[in-house]
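Worksheet: the structure to be examined is printed underneath.
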Number of protein chains: 2
Amino acid sequence: MTPKQKVYQEVLHEIRKFIENHDLEPGDKLPSERELSEKLQAGRSSIREALRAIELLGLIETRHGEGTFLSTYRSYQTVDLLASFILQENKTKNDIILVKRIIEKEAAKIAFSSLTEKEIAELDEIVQNQTAETAQIHRTFFNCLVKKTDNLLLARIWMLLEEFSNTIQVLNFHNAFYRELVSLYKAKAYDLIEPLFHKYSN
Amino acid sequence: MTPKQKVYQEVLHEIRKFIENHDLEPGDKLPSERELSEKLQAGRSSIREALRAIELLGLIETRHGEGTFLSTYRSYQTVDLLASFILQENKTKNDIILVKRIIEKEAAKIAFSSLTEKEIAELDEIVQNQTAETAQIHRTFFNCLVKKTDNLLLARIWMLLEEFSNTIQVLNFHNAFYRELVSLYKAKAYDLIEPLFHKYSN
DNA sequence: TTTTATAAAGTGGTCAGACCACCTCTACTT
DNA sequence: AAGTAGAGGTGGTCTGACCACTTTATAAAA
């Protein structure tokens with residue numbers, strides 16, 4: 001016996017099948033809630049429970065008065081919500097700082113190979129800015145790097161941690177760190193990135 | 001003006017706040033749907049839409065006739081669904097694999113200093129197990145290491161990513177990798193950990 | 001004919017109420 | 001004391017009713 005599944009779970013499954021069978025692609029429209037309700041022999045509320053769940057996962061997008069569409073972009077809303085729960089039960093400051101440092105270090109390494117001269121110059125400019133605070137420089141600097149990794153998940157996690165860091169007292173790197181990192185980019189010295197982070201991470 | 005948020009989104013937020021304010025822990029019971037409906041001034045269906053979404057993420061667990069509880073374990077529902085829907089996209093998949101590798105590498109390094117002889121022996125045993133599949137070895141092995149980092153946040157992120165990996169086709173390390181890593185632990189050769197990961201990460 | 005109002009239809013958003021199925025606990029029976 | 005029937009609470013589901021918004025069809029005005 002299959003332990004009776006909830007209706008919304010079946011609906012979830014049916015919707016997936018529908019998308020598959022009709023070769024729907026991001027941006028395409030799903031049948032209306034009322035239509036699905038009839039077709040799948042389920043109450044509209046059950047249909048909606050399923051849709052809301054999928055929506056939270058960032059797979060669909062609903063537009064009031066228009067309809068429900070397959071998402072065109074990966075929203076990572078899921079990651080956000082999970083993070084808010086996880087961060088809530090893990091308020092250990094040191095844990096957050098450590099993970100954030102790891103992400104930043106790896107982002108710095110991944111970005112290395114794809115950085116153009118122009119982008120390195122931009123980073124240099126950020127670092128040379130005398131008027132900005134260190135926290136501001138840090139954010140702008142790593143925001144660039146993280147985006148250059150072309151890894152949305154990595155970027156998202158970093159942004160969440162960065163946001164959270166603002167609410168706690170976080171020690172940034174020494175000013176010299178950023179300048180030295182840019183130097184390494186200019187010198188194409190990949191292997192020195194890892195040691196640089198170690199040097200400045202006490 | 002706040003761009004009018006949907007009720008279920010607000011409910012989501014309220015529930016999270018409730019958990020925080022009441023210091024609810026995994027296993028604890030949430031108020032009933034009808035009670036939340038009254039307290040948050042929202043229809044029961046809106047409450048349910050929010051709960052279903054959280055449920056799909058594996059954060060809560062509902063038991064028919066009993067109530068809604070904070071999950072003690074992270075269910076696999078989300079992962080399965082995501083996988084069956086959209087994880088076919090290589091971009092997302094690769095993002096996850098990359099972040100997971102980073103965490104594993106750093107966990108291996110952090111754990112280094114706190115590993116006792118006995119624990120290293122345990123790792124050795126896991127690796128030597130001939131009957132287990134590679135995926136199984138991988139999970140057990142890194143589960144140990146991740147816990148040894150004594151960083152709950154890191155551990156949680158890894159566990160989530162590990163779950164995701166289970167539903168997608170993930171290439172594990174070659175068998176030799178695990179043995180070599182244990183050897184490094186035995187030899188106390190910290191500096192060779194990073195290169196080892198590079199070597200096996202094609 | 002073209003343009004512009006206006007109305008109608010379709011769609012998601014939300015709520016209230018009604019049942020059903022299931023669990024627990026209590027009070028009653030044996 | 002043990003067992004049982006029932007009441008009350010809880011999630012599960014459906015229906016029908018509005019509302020707000022968008023698109024489209026229709027009619028009026030230019």
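Each chain gets a letter, A, B and so on, in the order its sequence line appears, and its residues count up from 1.
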>> Between B:Lys109 and A:Glu194, does any NZ, NE, NH1 or NH2 come within less than 4.0 Å of an OD or OE carboxylate oxygen?
In response: yes
> Just by modelled atom types, is the B:Arg179 backbone N or O under 3.5 Å from a matching donor or acceptor in the B:Ser183 side chain?
Replying inline: yes
> Going by the angle between their ring planes, with limits at 30° and 60°, are B:Phe142 and B:Tyr178 parallel, tilted or perpendicular?
Replying inline: perpendicular
> Between D:dG11 atom P and A:Lys6 atom NZ, what is the distance in whole Å?
Replying inline: 10 Å
>> So if I take residues 31-46 of chain B and measure heavy-atom distances to DNA chain D, which residues fall below 4.0 Å?
In response: B:Ser32, B:Glu33, B:Arg34, B:Arg44
>> What is the first contacted nucleotide of DNA chain C and what is the last, in 5' to 3' order, if contact means an atom lying under 4.0 angstrom from a heavy atom of chain B?
In response: C:dG13 to C:dT24
> Are B:Glu49 and B:Arg52 close enough for a salt bridge, meaning some N to O gap below 4.0 Å?
Replying inline: no
> How would you label the contact of A:Arg48 with the nucleic acid (heavy atoms, under 4.0 Å): base, sugar-phosphate, or nothing?
Replying inline: base
> Charged N to carboxylate O below 4.0 Å: is that the case for A:Lys105 and B:Glu106?
Replying inline: yes
> Can you tell me if the side-chain N/O atoms of B:Thr68 get under 4.0 Å from OP1 or OP2 in D:dT10?
Replying inline: no
> Under the ring pair (Phe, Tyr, Trp, His ring centres under 6.0 Å) rule, what pairs show up with a residue in residues 19-54 of chain B, not counting sequence neighbours?
Replying inline: B:Phe18-B:His22
> Could you state the NZ-C1' distance from B:Lys29 to D:dG11, rounded to the nearest angstrom?
Replying inline: 10 Å
> Please give, in whole Å, the distance from D:dT10 C1' to B:Leu51 CG?
Replying inline: 12 Å
> Rounded to whole angstroms, how far apart are OH on A:Tyr8 and P on D:dG12?
Replying inline: 8 Å
> Which pair of non-hydrogen atoms, one from A:Tyr185 and one from A:Ala108, has the smallest distance, and what is that distance?
Replying inline: OH-O, 2.7 Å
> Starting at CD of A:Gln9 and ending at C1' of D:dG12, how long is that distance when rounded to a whole Å?
Replying inline: 12 Å
> Would you call A:Lys186 and A:Glu117 a salt bridge, using N to O less than 4.0 angstrom?
Replying inline: no
> Does B:His64 or A:His64 map to a spot on DNA chain D nearer the 5' end, using the closest nucleotide for each?
Replying inline: B:His64
>> Any carboxylate oxygen within less than 4.0 angstrom of a Lys/Arg side-chain nitrogen, looking at A:Glu66 and A:Lys29?
In response: no
